[in-house]
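Read through the structure below, which is laid out as structure tokens, and then see the notes.
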Amino acid sequence: MDDFTKRVMEKDPGEKEFHQAVKEVLVSVKPVLDRNPEYRRAAVLERIVEPERVILFRVPWMDDEGQVYVNRGFRVEMNSAIGPYKGGLRFHPSVNLGIMKFLAFEQVFKNSLTTLSMGGGKGGADFNPKGKSDNEIMRFCQSFMSELFRHIGPHTDIPAGDIGVGAREIGYLFGMYKKLRNEFTGVLTGKSLNWGGSLIRPEATGYGCVYFAAEMLATRNDNLEGKTCLVSGSGNVAQYTAEKILHLGGKVVTLSDSTGYIFDEQGIDSEKLDFIKHLKNIKRDRIERYVETYPSAVYVPADPSLDHNPLWNHKADCAFPSATENEIQQKDAQNMINNGVFVVCEGANMPSTPEAVDIFLDNRTLYAPGKAANAGGVAVSGLEMAQNSMRLNWPVEEVNSRLKIIMKSIHQTCLNAAEEYNKPDDYVTGANIAGFVKVVNAMLDQGLV
Ligand code: NDP
């Protein structure tokens, strides 16, 4: 295993997030390989870490003043053993091939856990949408799709949103795809409701994450009623995580963006949450504005010189990291434990460093890794694809109840796999093993392709 990890690292040096994601999965699945020698003979590890295809392309675009810029676009088609590639697009200046591969790799296991037939992929660009006008965003999306369209399709690869790609971007991307292909198909998910979107898709990742936390709490005869919750981020996942926590009787005291966080000891109630949604989704402004309207809250600017994020250093019961990868460092995890946090449910992808995860596992925290806890988003994307194929729209109750059933099933699947391999209550091992076994069995069934 060590040799294998070393080879992966030497082959693609510098892809540190990808190496981190691979290592975590390998540690979990080692007992599966020991029990099933045919997997080693079929080199399933070597195959599963290698993307089936990587597309890298130039994205030229023009700003409102006529200045031309060039960004780099990516689509990593990681694994199609159990269905067409499926996974979001991220527009953020930090995007590079290593981050795309890590997200695509995680997506393979996540999609496998959803109970739906979806392979894994991920894409995006190192483009910063912040401060850009709607017209600039539209031109960028059109240029991006003018290359991507030849690689995707409703039965091949179905992208969706992620950081920096929401309803507005999906609209512009879809418009260009439709024009180039001259067809109206469910090639993207996260579409607006009146042209093929699904009810509950915007809410799905956040709601699903809180349903997962509720399932974990239920194993200890507990629930979210009266629980104080730390939430990071203030985008799509964070907003609907906070909303569902409120529905279930919990109290949300923090939210953040990349410039800092707010702490509202009285709780961010639904009126305050509406303020945040308007601030972030319509005005596209900074979270620090919150304290101008709600002066009893405090704003703490981000300080990159610190070895921890003070957001995670408040008394609380539950934490829902919903911003970005590696946002919880070792010291943050220890601060959480010291402050009474006993549930950590990841809305973001890989928000905890390996050292932080070890602290959660050592302290018997109810810790759910993103690939299980945030799978509700892609699951409802799968339901959007099903509705598009049938040319039907399901009502809210139907989609929400399917989402709940799927999250419950993912939770149980993780517990069962963990139990089978003598790691009771270890959701990391459970998620990795269950996701892995389904995909590699499909790979074996389909031969050496
Ligand atoms: P959004 O773009 O809607 O929101 C992202 C939030 O995280 C913003 O508040 C943003 O702040 C903050 N953020 C982003 N990058 C950083 C950073 N480097 N440091 C600090 N804060 C940062 O994205 P989503 O809510 O969709 O995604 C959040 C996480 O959830 C990501 O890890 C994503 O991969 C994951 N996820 C999303 C799914 C979805 O359905 N959308 C599905 C499954 C997982 P700012 O506004 O200042 O940039």
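Whatever order the structure lists them in is the order used to number ligands and atoms, beginning at 1. Only heavy atoms go into these numbers, but all of them, side chains included; no hydrogens, no water, no symmetry mates. Throughout, residue positions are numbered sequentially from 1 according to the sequence presented. The structure presented is a predicted model; accordingly, all values stated were derived computationally and were not measured.
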- request: Please check if the distance between the ring centroids of Phe57 and His151 is under 6.0 Å.
  value: no
- request: Evaluate whether atom CZ of Arg72 has more than 12 neighbouring non-hydrogen atoms of other residues, nucleotides or ligands under 6.0 angstrom away.
  value: no
query: So which residues, sorted by chain and number, lie with a heavy atom under 4.0 Å of ligand 1?
result: Arg90, His92, Lys110, Lys130, Asp162, Ile163, Gly164, Arg201, Thr205, Gly233, Ser234, Gly235, Asn236, Val237, Ser256, Asp257, Ser258, Arg286, Ser322, Ala323, Thr324, Gly347, Ala348, Asn349, Asn374
Set of residues satisfying salt bridge (charged side-chain N to carboxylate O under 4.0 Å, His left out) with respect to Glu17, sequence neighbours excluded: none
query: Can you pull the ring-ring contact (aromatic ring centres under 6.0 Å, His included) pairs that have at least one residue in residues 234-260, sequence neighbours excluded?
result: Tyr207-His247
- prompt: Do Lys251 and Asp264 sit within salt-bridge range, that is, some charged N less than 4.0 Å from a carboxylate O?
  reply: no
message: Quick test of your reading: applying ring-ring contact (aromatic ring centres under 6.0 Å, His included), list the pairs with at least one residue in residues 369-390, sequence neighbours left out, ordered by first then second residue.
response: none
